[in-house]
Amino acid sequence: MQFYRHLDPINALTFDLDDTLYDNHPVIVRAEQAMFDWLAQLLPQSTMISRDDWLRVKQQLAVVDSSLIHDVSEWRYEALKISLMQLGWRLKDAELAARQGLELVLVERNKVDVPAETHRVLALLSAKLPLVGITNGNVDPQQIGLAKYFSAIYQAGRDGLAKPEADLFERAIRHLGIPAQQILHVGDHLRTDVFGAKQQGLQACWFNDQQRSLTATNVTMLPDVEITHLAELLLLVGLANR
């Protein structure tokens, strides 16, 4: 554990989900592969959508409609729909197929292996302090067994603009009903989590289990504290011996 600033008393915690409470990378890899396997069955080989085509359509859509980056499910749906229409599909057929493709991806996306240690730490923390989830992703916390630890979970798109924008942090502060400086936000991303939290007056804990360096960051992305294991949070709230 590394401290960069003095911490004020912690009376609540907010958590990022993906890559903080579980490793999200293999989940997304599997979900993307499932989508391309589905497309391979849906389309003739001569018209198969390549990964480069897919990324290009997503990037073009984000330029045309920047609101899509705040809702990853809607962004995927629109990208699938437009990709199929570019191959000559009629709008209604493309919409139906895109919805089916999104549903397939979401099934795979919610096959998350949440570590036992995450469950242990969240159970101890939630017994002492209110916890709120704040995610830019589209995981279903109920399906993966995490919803029971949180008094609320706010998701980009459905509940507001994605971090580091203020929306989800502000909703968490209102829900908790305590001053922002008494809330510690925990997340793995220096911009979306640390910078976003600090901009809204929360304390920020950088979860750095990948041994990344802070040397190139600027002061706006400097956390108050850095941890490499979730269990270190128990030290911060006086539960270290549990």
Side-chain angles (χ1 to χ4, degrees), residues 1-2 4 7 10 12-28 69-73 109-110 112-115 117-123 125-126 129-176 180 183-212 214 217 220-234 236-237:
M1 187 184 307
Q2 174 71 48
Y4 299 98
L7 283 178
I10 300 166
L13 294 103
T14 58
F15 279 90
D16 172 54
L17 304 185
D18 294 343
D19 293 318
T20 298
L21 299 181
Y22 48 83
D23 184 1
N24 196 51
H25 178 71
V27 178
I28 298 303
I69 67 175
H70 297 285
D71 189 331
V72 291
S73 291
R109 198 265 175 274
N110 286 306
V112 175
D113 182 18
V114 179
E117 180 69 349
T118 295
H119 285 288
R120 184 185 77 86
V121 171
L122 290 180
L125 289 172
S126 63
L129 298 170
L131 310 183
V132 172
I134 302 177
T135 179
N136 285 354
N138 56 359
V139 73
D140 184 336
Q142 191 71 45
Q143 284 194 43
I144 67 172
L146 290 180
K148 59 188 176 184
Y149 303 117
F150 297 97
S151 60
I153 298 176
Y154 298 111
Q155 184 181 85
R158 182 191 68 194
D159 299 314
L161 301 180
K163 300 173 294 179
E165 299 297 332
D167 297 32
L168 304 185
F169 293 107
E170 288 179 345
R171 292 199 64 162
I173 295 167
R174 288 197 300 270
H175 169 79
L176 290 165
I183 304 168
L184 180 68
H185 178 69
V186 184
D188 71 292
H189 200 282
L190 284 172
R191 176 164 175 76
T192 60
D193 290 307
V194 172
F195 173 75
K198 295 303 294 179
Q199 287 291 104
Q200 302 311 314
L202 286 77
Q203 301 184 89
C205 174
W206 183 35
F207 177 63
N208 180 23
D209 65 337
Q210 302 299 312
Q211 298 182 329
R212 288 166 291 172
L214 268 175
T217 193
T220 64
M221 296 188 191
L222 183 69
D224 297 293
V225 60
E226 174 186 344
I227 62 173
T228 57
H229 298 86
L230 281 181
E232 292 176 273
L233 292 171
L234 302 177
L236 293 178
V237 299

Legend entry - ring pair (Phe, Tyr, Trp, His ring centres under 6.0 Å) against F15, all qualifying residues, sequence neighbours excluded: none

Legend entry - Which residues share a side-chain hydrogen bond (donor to acceptor under 3.5 Å, both in side chains) with N110, sequence neighbours left out: none

Legend entry - Inter- and intrachain pairs under salt bridge (charged side-chain N to carboxylate O under 4.0 Å, His left out), touching residues 17-28, at least two apart: D18-R109

Inset, instruction - Determine which pairs satisfy salt bridge (charged side-chain N to carboxylate O under 4.0 Å, His left out) with at least one residue from residues 153-168, sequence neighbours left out, and list them in order. - result: D16-K163, D159-R171, K163-D193

Inset, instruction - Could you pull out all residues at least two apart from A162 that satisfy side-chain contact (heavy atoms from CB on, under 4.5 Å)? - result: H70, N136, A156

Legend entry - Counterpart residues, side-chain hydrogen bond (donor to acceptor under 3.5 Å, both in side chains), relative to Q2 (two or more places apart): none

Inset, instruction - Go through the structure and list residues passing side-chain hydrogen bond (donor to acceptor under 3.5 Å, both in side chains) with Y154, not counting sequence neighbours. - result: none

Inset, instruction - Please name all residues satisfying side-chain contact (heavy atoms from CB on, under 4.5 Å) with L176, sequence neighbours left out, ordered by chain then number. - result: A12, T14, P130, V132, I178, I183

Inset, instruction - Please identify each residue that fulfils side-chain contact (heavy atoms from CB on, under 4.5 Å) with V72, with sequence neighbours left out. - result: N138

Legend entry - Pairs where residues 135-148 contributes a residue and the test salt bridge (charged side-chain N to carboxylate O under 4.0 Å, His left out) is met, not counting sequence neighbours: none

Legend entry - Non-neighbouring partners of H119 that pass side-chain hydrogen bond (donor to acceptor under 3.5 Å, both in side chains), sequence neighbours left out: Y149

Name the atoms and distances for all side-chain donor-acceptor pairs under 3.5 Å in residues 195-202, with sequence neighbours left out.
| from | atom 1 | to | atom 2 | distance (Å) |
| --- | --- | --- | --- | --- |
| K198 | NZ | D224 | OD1 | 3.1 |
| K198 | NZ | D224 | OD2 | 3.0 |

